[in-house]
Amino acid sequence: MENLNQLLAIRRQKLQKLKELGIDPYPNRSERTHKIKELWENKDKFVESEQKIVITGRLSGMRRQGKVGFGNISDESGRIQIFVRKDNVGEDNYEVFKLLDLGDFVQVEGNCFITKMGEYSIRAEKVIILGKSLRPLPTVKEKVIDGKKQRFDEFSDIELRYRKRYLDLLLNPGIKKNFEIRAKVIEEIRSFLNSRNFMEVETPILQPLYGGAHACPFTTHHNTLNIDLYLRIALELYHKRLIVGGFEKIYEIGKNFRNEGMDRTHNPEFSMVELYQAYADYYDMMNLTEDMIVHIAKEVLGSETIDFLGKDISFKKPWRRASMLDLIKEETGFDASDFDFEKIKAFCDEHKIEIKSTTGSGKLIEEIFGKFVEPKLIQPTFVIDFPKEVSPLAKEKPDNPNLVERFELFINGNEYGNAFTELNDPLDQRERLEAQAKLREMGDAEANVVDEDFLEALEYGMPPTGGLGIGIDRLVMLFTGNTSIKEVIFFPQMKPEE
RNA sequence: GGGGGUGUAACUCAGUGGUAGAGUAUCUGCCUUUUAAGCAGAGAGUCGACGGUUCAAAUCCGUCCACCCUCACCA
């Protein structure tokens with residue numbers, strides 16, 4: 001027998017008593033006539049008609065006084081008080097009622113009325129247990145003071161909230177809202193893209209080679225094939241194969257996995273929407289991004305502006321478009337447009353930007369941008385024209401071989417999206433991937449690998465294509481006013497306990 | 001990885017070397033319109049883990065673990 005503490009033992013004893021009374025504590029079926037919200041919506045009607053109703057839910061409050069008791073029942077839609085009187089439910093059923101604990105699932109039959117204290121309640125005629133809870137929920141109480149809800153002993157330990165998210169959802173009602181908004185954001189991404197005739201696709205999560213981003217993968221193993229497989233770090237290369245295959249507008253919503261550091265804005269698995277459109281370029285992707293996010297904001301928030309923890313952010317079109325080099329010059333006065341490595345390196349040394357052996361001018365420019373410009377980009381901004389060196393899958397700018405047609409979207413100092421005019425020249429693509437492979441040999445574990453199958457696909461021909469990826473978790477953070485990604489992922493990665 | 005912080009009952013937290021505490025929750029009794037119900041009583045702890053100092057450690061020291069903040073890293 002387990003070493004149960006007192007509270008758990010008592011609940012198991014009550015379970016036993018219920019069984020001895022011939023009550024099934026876990027019946028197979030329940031029947032409800034109304035969700036609690038429906039009772040509140042037609043309060044007067046239910047009180048007047050005294051019609052019999054049946055609700056189901058979790059017992060979320062209990063005030064007993066001898067031969068009468070008040071409880072609260074909560075279902076997904078709301079919460080209502082029940083009034084249980086021995087004379088009304090009968091002696092046997094009252095015994096069952098007395099064996100109930102907070103957290104038990106119950107079914108209550110009765111009719112609606114208003115108590116002496118003026119509270120809308122259900123006068124119970126019968127209380128049926130639907131599921132006995134064997135573990136006490138943390139106790140949170142609420143009192144209304146001057147119309148404001150004050151909470152006592154809130155379930156607030158952050159670690160516990162993440163490890164036991166079910167309790168967090170149950171006890172901290174505001175949390176559900178984050179996830180409802182998350183669902184709505186995803187729904188609106190879908191409906192927006194569907195309305196623009198994009199087709200939703202599914203591509204492999206388990207990949208023999210990974211690519212499409214600068215990141216370390218998770219490795220796994222397939223027993224039958226006896227090969228190592230990688231969890232995808234991006235959707236890009238498979239989507240491009242589909243563009244080669246003749247689809248012109250596709251998108252996928254799904255998870256990527258990156259074996260990297262974790263912090264407020266990074267979880268090892270995170271959700272992205274990636275889309276590819278044939279005969280489009282990065283300007284088309286900018287317009288699409290604006291339209292999509294404005295659409296989501298209007299549908300989810302009902303507004304094109306948002307107050308993010310005191311910062312006013314406006315999604316009103318058009319968003320600023322500025323080149324990375326111009327932004328660096330604007331912010332620091334430094335002109336890196338000549339890509340002069342020694343000059344740029346000197347600037348980095350001066351500003352304590354670390355330089356690795358594999359770092360070239362392009363990477364340094366990106367570093368300078370990250371340090372000086374990124375945090376300043378509060379309003380939605382398309383940062384365009386990235387160094388070619390850090391963008392092996394994007395097409396060169398026709399008038400500048402050092403740059404590619406690529407943008408990243410920044411809002412509130414964070415990156416939200418990444419898009420290119422996709423590189424469709426198979427020979428150029430091969431050179432770029434081989435250059436990545438060299439970086440890899442020199443110790444850059446996150447450099448791209450050469451994917452021959454992908455290169456072969458490109459050789460068959462890919463139309464000019466625009467591609468876009470947007471981080472869904474961060475978008476949800478923005479729309480819910482959260483600074484931690486853990487607040488918008490149901491089960492964020494945590495170290496195992498013990 | 002560096003720096004800072006937190007870890008004590010189911011929950012929220014007090015407790016700076018001398019018998020482990022409070023409120024809520026739980027249990028018992030009273031209570032047939034309460035709502036943070038009330039009154040009276042009771043039970044409940046590996047003080048994150050391990051080691052050390054001491055007559056004596058939740059408390060001092062060391063190591064480790066988890067989480068938070070911050071910096072670094074990270075497309």
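Note: hydrogens, waters and symmetry copies are ignored here, and every other heavy atom, side chains too, is used. Quick caveat, the model's predicted, so the values are computed rather than measured. Below, read A as the first sequence line, B as the second, and so on, with proteins coming before strands; counting in each chain starts at 1.
The same atom, P, is picked in B:rG18 and in B:rA72; the two are 43 Å apart, to the nearest Å. Using atom C1' as the reference point in both B:rA75 and B:rG3, the two lie 27 Å apart (nearest Å). Using P as the reference atom, B:rG48 and B:rA14 are 13 Å apart when rounded to the nearest Å. Rounded to the nearest Å, the gap between the P atom of B:rA40 and that of B:rA25 is 14 Å. Nucleotides B:rG62 and B:rU53 have their P atoms positioned 15 Å apart, rounded to a whole Å. B:rU70 and B:rC64 have their P atoms separated by 24 Å, given to the nearest Å. Going from the C1' atom of B:rA37 to that of B:rG45 covers 29 Å, rounded to whole Å. A distance of about 33 Å separates the C1' atoms of B:rC50 and B:rU26, rounded to the whole Å.
The number of heavy-atom neighbours closer than 6.0 Å to CD of A:Glu350, taken from other residues, nucleotides and ligands shown, is above 12.
Residues A:Lys52 and A:Glu109 are paired through a salt bridge, judged by an N-O separation under 4.0 Å between the basic side chain and the carboxylate. The existence of a salt bridge linking A:Glu20 and A:Lys17 is excluded, since no basic side-chain nitrogen approaches an acidic carboxylate oxygen closer than 4.0 Å. With salt bridges taken as basic N to acidic carboxylate O contacts below 4.0 Å, one links A:Glu95 and A:Lys98. Salt bridge present: A:Arg320 and A:Glu330 bring a charged side-chain N and a carboxylate O closer than 4.0 Å.
Toward the 5' end of RNA chain B, the nearer of the two residues A:Lys98 and A:Tyr162, judged by each one's closest nucleotide, is A:Lys98. Along RNA chain B, the nucleotide nearest A:Met494 and the nucleotide nearest A:Lys371 are compared for position; the residue whose nucleotide lies closer to the 5' end is A:Met494.
For an aromatic pair to be called close, the ring centres must be under 6.0 Å apart, and A:Phe386 with A:Tyr282 fails this. Note: A:Phe113 and A:Phe83 meet the aromatic proximity criterion, with ring centroids under 6.0 Å apart.
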(Q) Across nucleotides 32-42 of chain B, 5' to 3', mark each nucleotide with B, S or - according to how protein heavy atoms within less than 4.0 Å reach it. (A) BBBBBB-----
(Q) Within the 4.0 Å limit for protein heavy atoms, which parts of nucleotides 2-8 of chain B are touched? Write it as a string from 5' to 3', B for base, S for sugar-phosphate only, - for none. (A) -------
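Atom CD of A:Glu415 is separated from atom CG of A:Leu377 by 11.5 Å, given to the nearest 0.5 angstrom.
Residues A:Asn448 and A:Gln436 bring a donor and an acceptor atom of their side chains to less than 3.5 Å of each other. Between A:Asn267 and A:Lys486, the side chains place no donor N or O within less than 3.5 Å of an acceptor N or O (distance only, hydrogens not considered). For the residue pair A:Glu252 and A:Thr203, a side-chain donor N or O sits within less than 3.5 Å of a side-chain acceptor on the partner.
In this entry the distance linking CE of A:Met262 with C1' of B:rC67 reads 11 Å, nearest Å. Per the geometry, CZ belonging to A:Phe155 stands 15 Å off C1' belonging to B:rU24, to the nearest Å. Between the C1' atom of B:rC69 and the CG atom of A:Asp263 lies a distance of 12 Å, rounded to the nearest Å. The interatomic distance linking A:Asn414 (CG) with B:rA75 (C1') rounds to 13 Å, in whole Å. The distance between atom CG of A:Leu160 and atom C1' of B:rG48, rounded to the nearest whole Å, is 12 Å. A straight line from CD1 of A:Ile485 to C1' of B:rC67 spans 18 Å, rounded to a whole angstrom. Between the NZ atom of A:Lys14 and the P atom of B:rA25 there is a distance of 13 Å, given to the nearest Å.
The side chain of A:Asn5 contributes an N or O atom lying less than 4.0 Å from OP1 or OP2 of B:rA10. For A:Arg264, a side-chain nitrogen or oxygen approaches OP1 or OP2 of B:rU70 to under 4.0 Å.
Looking at heavy-atom distances under 4.0 Å, A:Arg406 makes contact with a base. Using a 4.0 Å heavy-atom cutoff across all strands shown, A:Lys486 reaches sugar-phosphate atoms only and no base atom. The residue A:Pro392 sits close to a base: some heavy atom pair falls under 4.0 Å. Nucleic acid contact for A:Val390: base, since at least one base atom lies under 4.0 Å from a heavy atom of the residue. In this structure, A:Ile158 reaches the sugar-phosphate backbone alone: every heavy-atom distance under 4.0 Å involves primed, P, OP1 or OP2 atoms, never a base.
Nearest to the side chain of A:Ile10, among B:rC11, B:rC27, B:rC74, sits B:rC27. Counting only heavy atoms from C-beta on, A:Glu260 has its side chain closest to B:rC74 among B:rA66, B:rA75, B:rC74. The nucleotide whose nearest atom lies closest to any side-chain atom of A:Glu415 is, among B:rU26, B:rA75, B:rC67, B:rA75.
For A:Arg474 and A:Phe270, the positive end is not near the middle of the six-membered ring at less than 6.0 Å and at most 45° from its axis.
Figure legend. B:rA44 is base-paired to no nucleotide; pairs are counted as Watson-Crick or G-U wobble with both atom distances under 3.5 Å. Remark: B:rG38 base-pairs with B:rC30; criterion is Watson-Crick or G-U wobble with both hydrogen-bond distances under 3.5 Å. In this structure, B:rG1 and B:rC71 make a Watson-Crick or G-U wobble pair, each of the two defining distances being under 3.5 angstrom. Base pairing analysis places B:rG23 opposite B:rC11; the two distances defining the Watson-Crick or G-U wobble pair are each below 3.5 Å. Taking a pair to require two hydrogen-bonding distances under 3.5 Å in either a Watson-Crick or a G-U wobble arrangement, B:rG62 pairs with B:rC50.
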